[in-house]
Amino acid sequence: MARINLLDAQSANMIAAGEVVERPASALKELVENALDAHARKLRIDVRSGGREQIAVTDNGDGMEMEDMPRSVLRHATSKIKTGADIDGVQTLGFRGEALAAIAAVSRLQIVSRQRGADSGYLFEICDGQSKLSEVGCPYGTTVLVEDLFFNTPARRKFLKRDGSEAAACTAAAAKLALSHPEVSVEMLIDGTEKFRTAGDGDLYSAIYAIYGRNVAKTMVPVEYYLDGIGVEGFVSLPEAARGSRTMQLYFVNRRSVNSKTLAAAVEEAFRSFLPVKRFPAAVLTVSIDPRQTDVNVHPAKTEIKFADEKKVFSAVYYGVKNSLACLQTPSAAEAPAPGPVSVPVRETVPPAAPEHAPVPESARPAESGREYTVFSASSVTSPDELFDEGTDDLPLASPPTGRLFDVPVPDPEFEVLSDPEPAMLPELSAGPAYRYVGELYDAFLIAETLDTVYIIDKHALHERILYEKLAAHKETNAQWLLTGVPVTLTDEQTRVLEEHAALLSEYGFVIEPFGDGVIVRAVPGALADTADLPALLEQFAAELTTGNAIPFAQRCDRALFTIACKASLKAGVHNAPVHNEWLIERFFESATVRYCPHGRPVSHALPKREIEKYFDR
């Protein structure tokens, strides 16, 4: 007796439906994509009981002809392509011809549609393989009504989550599609209650505002970049608005919502020096690329994608986001409002520097505060390299401990340049934020005071950021040649990577040569004063360069500089001369880029004067 059974069409459809329609949100996604492919400009989505009871999608698109309605629920029936070769470069959201067939196999399905110019429309009903077609009066466009989803597949229905969870998944699916097409007005209803409504004006910021609200929208900044035929545009969140998960990261390729590790890695790599571990930026980004350079036929749900050149796509997204973050660091960008009706707030962590030679406002004149403040100018503080000729202007040297917990140094007449200017002189100096260096706590935290804020600054994090930026910008690297080379044992792969990029490494101050089972280091960056841990440092440096093949080498090298900056920077718990601390404070107020250390930890914490007064009931 034969043991192999040939399943009937309905049974085969019910089984295959599980690949496409996993839950109500999956069915909703497929229906909305069909509406968008039909050139709809308005969409109304109504979900009840988490999608179990009803999912209704109404559009004002092209509509369907009478003879196409029964065909639409057949497997592999589609209007998007004619042959398999058409998949190469396909630009429609749907093309597999499986969605309606899968939904019809596990629900009671109704389709009402009327084409523009037609005198009437048609109603098509199908349930358990039994169908009916009739003529009806209806508006232009199409309405698809899905009722009793999974009524005939109890194994799937019992694994659905509670209505609230399924409704939230439906809302998230609709939000993704609304953000991918901001030119389409989308109204989302859950059990008769409106969850969001987008204007359909083509403005992505407007759609973000409508879906996620003001508090999220005001933290978003624009991204716009173009590299080698790849366009990147959209919005990313400010670093201070980072979240605890990646749920707010939405990526679209040619306006198709996708899950891409490449795009997520590029965004998070761009944010790496701005966010601590386990914090993630929000992002709504669209990548525009030649469709022939992608493959969207990876999974039946069409949410996965492959790129012909992963590194090129990574670079485009990385530099696009990086440029937007760099614009935030300039005073003008920090003070400028974000696109849309809501302004991006300016962080109080670091006050933006005023334009050079700008007059000091009356409200900011120290003479009126009763205290003396130093107004920032490029020559107002002596850097440590002017006091100690150690071959670098990056690393302030630690002064020996005095053995006293609170040691107040006696000012040296040689350093009179550090004294505060007289109030009368202030208007004539190069203007900037007025500040006063107060002191140091626990040999780790610097205290600076402005007219309305007290800043507590982590000196290690601050100096680490300063060193990293100089190394990353290839500024004044000043290689420090060693009297005797330091051999470093590495793996074959690590040795190969370092040898292949020896010229690039030399730009950062590393001079290496092949030696034994690794390399020998002849020179190191001038900022790296202590070479005791050089083998461990270079081994870690090499390990960073050999990880993440999708990440371009230049970015991996930039990331590896975190280690050098960390090793070379001032350490907490080590006492430094006040003049070194003054130099760090000046760098803090000079540049708005030092808000975070390269690892993403905050450099400072701001205590507004009003908060301090409130604490004492003043």
Side-chain angles (χ1 to χ4, degrees), residues 27-48 51 54-74 77-82 90-104 107-127 131-147 170 173-190 192 194-203 206-207 210-211 255-257:
L28 173 63
K29 168 186 172 294
E30 299 293 343
L31 297 179
V32 174
E33 286 185 348
N34 284 343
L36 294 173
D37 283 339
H39 309 108
R41 302 297 295 185
K42 284 187 178 183
L43 281 173
R44 188 177 189 271
I45 305 168
D46 192 350
V47 174
R48 298 184 182 275
Q54 173 185 301
I55 300 174
V57 177
T58 301
D59 68 64
N60 64 345
D62 298 336
M64 300 173 65
E65 296 182 4
M66 179 188 68
E67 56 267 28
D68 282 338
M69 298 183 76
R71 294 179 185 174
S72 66
V73 297
L74 300 178
T78 178
S79 62
K80 316 300 171 57
I81 61 174
K82 293 183 178 180
V90 65
Q91 298 187 44
T92 54
L93 299 177
F95 56 85
R96 297 174 64 96
E98 293 181 321
L100 281 179
I103 295 171
S107 70
R108 308 181 195 280
L109 179 67
Q110 294 183 13
I111 303 175
V112 180
S113 187
R114 177 186 173 191
Q115 287 190 313
R116 290 190 180 276
D119 295 332
S120 62
Y122 297 90
L123 167 64
F124 179 72
E125 303 172 85
I126 182 170
C127 179
S131 62
K132 177 183 177 182
L133 179 64
S134 56
E135 185 176 355
V136 295
C138 61
Y140 300 121
T142 301
T143 296
V144 180
L145 178 64
V146 179
E147 295 181 311
C170 289
K176 286 183 181 180
L177 293 161
L179 292 170
S180 68
H181 290 72
E183 77 283 0
V184 178
S185 174
V186 179
E187 179 186 6
M188 180 68 186
L189 301 175
I190 298 292
E194 182 180 290
K195 302 301 291 185
F196 68 80
R197 183 200 299 261
T198 61
D201 56 3
D203 183 359
S206 172
I211 294 171
R255 307 210 297 176
R256 179 192 304 277
S257 176

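What you see is a predicted model; the values in this text were computed from it and never measured. Counting begins at 1 with the first residue of the sequence.
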Sorted by chain and number, sequence neighbours left out, side chain to side chain contact (heavy atoms under 4.5 Å, CB included) with Ala210 holds for Thr198
How would you list, by chain and number, every residue that makes a side-chain hydrogen bond (donor to acceptor under 3.5 Å, both in side chains) with Glu194, sequence neighbours excluded? Arg197
Answer yes or no: is there a side-chain heavy-atom contact under 4.5 Å between Leu28 and Met188? yes
Heavy-atom donor-acceptor pair, Asp59 side chain to Gly141 backbone, under 3.5 Å: no
Between OG on residue Ser180 and CD on residue Glu33, distance to nearest 0.5 Å: 8.0 Å
Would a distance-only check, ignoring hydrogens and angles, find a side-chain to backbone donor-acceptor pair under 3.5 Å from Arg114 to Cys138? yes
Among residues at least two apart in sequence or on other chains, which ones pass salt bridge (Lys or Arg N to Asp or Glu O under 4.0 Å) with Asp201? none
Between Ser120 and Val136, the two heavy atoms sitting closest are CB-O, 3.8 Å
Contact check, side chains of Lys176 and Leu179, non-hydrogen atoms, under 4.5 Å: no
Does the side chain of Leu189 come within less than 4.5 Å of Ile45's, by heavy atoms? no
Considering only heavy atoms from C-beta outward, does the side chain of Arg255 approach that of His181 to under 4.5 Å? yes
List in chain and number order the residues that pass side chain to side chain contact (heavy atoms under 4.5 Å, CB included) with Ser185, two or more places apart in sequence or in another chain; answer none if no residue qualifies. Lys42
Side-chain heavy-atom pair Val73, Phe124 within 4.5 angstrom cut-off: yes
Spacing of Leu74 atom CG and Leu100 atom CG [to the nearest 0.5 Å]: 10.5 Å
With Ser107 via side-chain hydrogen bond (donor to acceptor under 3.5 Å, both in side chains) - residues at least two apart: none
Nearest 0.5 Å, what's the CZ-CG distance between Arg116 and Asp62? 8.0 Å
Salt bridge (Lys or Arg N to Asp or Glu O under 4.0 Å) filter on Glu147, not counting sequence neighbours, yields none
Given side chains that start at C-beta, do those of Cys127 and Leu109 come closer than 4.5 Å, heavy atoms only? no
Side chain to side chain, Val112 and Tyr122, heavy atoms closer than 4.5 Å: no
So CG of Leu31 and OG1 of Thr58: to nearest 0.5 Å the spacing works out to 10.5 Å
Strictly distance-based, threshold 3.5 Å: is any side-chain N or O of Ser113 a donor or acceptor partner for the main-chain N or O of Met64? yes
Could you check whether any side-chain heavy atom of Gln54 comes within less than 4.5 Å of a side-chain heavy atom of Asp46, counting everything from C-beta outward? yes
How many angstroms lie between CZ in Arg41 and CG in Leu36, if you round to the nearest 0.5 Å? 10.5 Å
Between Phe196 and Ala178, the two heavy atoms sitting closest are CE1-CB, 4.2 Å
Point-to-point distance, once rounded to the nearest 0.5 Å, from CZ of Arg44 to CD of Glu187: 5.0 Å
